[in-house]
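Heads up: the structure comes next, in structure tokens.
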Amino acid sequence: MANLTSYARKKLGDHLVGHAAWTMPSPVYLALFTADPGLSGSFAAEVAGGDYARVNISAALSDADPTSGLIVNSTIITFPTPSASWGVVSHVGLCDAAAAGNLLTRQPLSVARLISSGDPFMLLEGQIQFSFA
């Protein structure tokens, strides 16, 4: 749970001990970042412009493994083709809204990648792995 944001930790913690119910976010969206959004879940480094949009990935995610707590993408995730440079994408994050909203968890990409105009960005099956162990 090291990559959960402060927002998600608070919501899950209060829910687990019965202090406040947390409505499950549905759908969830994948966002791209040019720097680590950190524990605070900052959107300051989220990609912007050039036809960028978060992608609904609810159907692409596996159920959490009961032993490891691992959740992976079971299909290829494709972002809109950029019409301008998105910069060097280094992190992805799971969000509860298509715009604004809250960042729930984040992770670095295994290799940061420069996304130029016309350069499609996709994540292969199993490339995104969120762990709740």
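For the numbers below, each heavy atom of this structure counts, side chains included, while hydrogens, waters and symmetry mates do not.
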Notebook entry, point to check: What pair of heavy atoms forms the shortest contact from Ser116 to Pro82, and how long is it?
Noted result: O-CG, 3.5 Å

Checklist line | Ser131 to Ser68 - nearest heavy-atom pair and separation | finding: OG-O, 3.9 Å

Check: For Ala35 and Ser90, which heavy atoms make the closest approach, and how far apart are they?
Finding: N-OG, 3.4 Å

Next item on the list: Quick one: closest heavy-atom pair of Thr75 and Ala60, and the distance?
Entry: OG1-CB, 3.3 Å

Item checked: N/O donor-acceptor pair under 3.5 Å between Arg54 side chain and Ala100 backbone -> yes

Note to self: What's the separation between atom OG in Ser85 and atom CG in Asp119, rounded to the nearest 0.5 Å?
What the structure shows: 9.0 Å

Notebook entry, point to check: Transitively linked via ILVMFWY side-chain contacts under 4.5 Å: Leu39 with Leu12?
Noted result: no

Next item on the list: Give, for atom CG of Asp36 and atom CD of Gln107, the distance between the pair rounded to the nearest 0.5 Å.
Entry: 11.0 Å

Item checked: Check: Ile57 and Asn73 side chains under 4.5 Å, non-hydrogen atoms -> no

Check: Which atom names give the shortest non-hydrogen contact between Arg113 and Pro120, and what distance separates them?
Finding: NH2-O, 3.0 Å

Margin query: Do Leu109 and Ile76 land in one hydrophobic cluster if side-chain heavy atoms of ILVMFWY residues count as linked below 4.5 Å?
Written below: no

Margin query: Less than 4.5 Å apart, side chain to side chain, heavy atoms only: is that true for Lys11 and Leu104?
Written below: no

Checklist line | Validation row: Thr5, Asn102 side chains within 4.5 angstrom (heavy atoms) | finding: no

Item checked: Pairwise distance CG(Leu30) to OG(Ser58) - rounded to 0.5 angstrom -> 11.0 Å

Check: Considering only heavy atoms from C-beta outward, does the side chain of Leu103 approach that of Glu46 to under 4.5 Å?
Finding: no

Notebook entry, point to check: Phe121: what forms a ring pair (Phe, Tyr, Trp, His ring centres under 6.0 Å) with it, not counting sequence neighbours?
Noted result: Phe79

Next item on the list: Please name the pair of heavy atoms, one in Asn3 and one in Thr105, separated by the smallest distance, quoted to 0.1 Å.
Entry: O-OG1, 3.0 Å

Margin query: Could you tell me if the side chain of Val55 sits less than 4.5 Å from the side chain of Pro80, heavy atoms only?
Written below: yes

Next item on the list: Would you give the length of the straight line joining atom OG1 of Thr23 to atom NE2 of His15, rounded to the nearest 0.5 angstrom?
Entry: 9.0 Å

Check: Side chains of Leu94 and Ile128: does their closest heavy-atom pair fall under 4.5 Å?
Finding: no

Margin query: What's the separation between atom CD1 in Ile115 and atom OG1 in Thr81, rounded to the nearest 0.5 Å?
Written below: 11.0 Å

Item checked: Test side-chain hydrogen bond (donor to acceptor under 3.5 Å, both in side chains) applied to Ser83 - qualifying residues, sequence neighbours left out -> Asp51

Note to self: Keeping Ser62 on the side-chain end and Val72 on the backbone end, is there a donor-acceptor pair under 3.5 Å?
What the structure shows: yes

Item checked: Sequence neighbours excluded - ring pair (Phe, Tyr, Trp, His ring centres under 6.0 Å) pairs with any residue from residues 23-54 -> Tyr52-Trp86

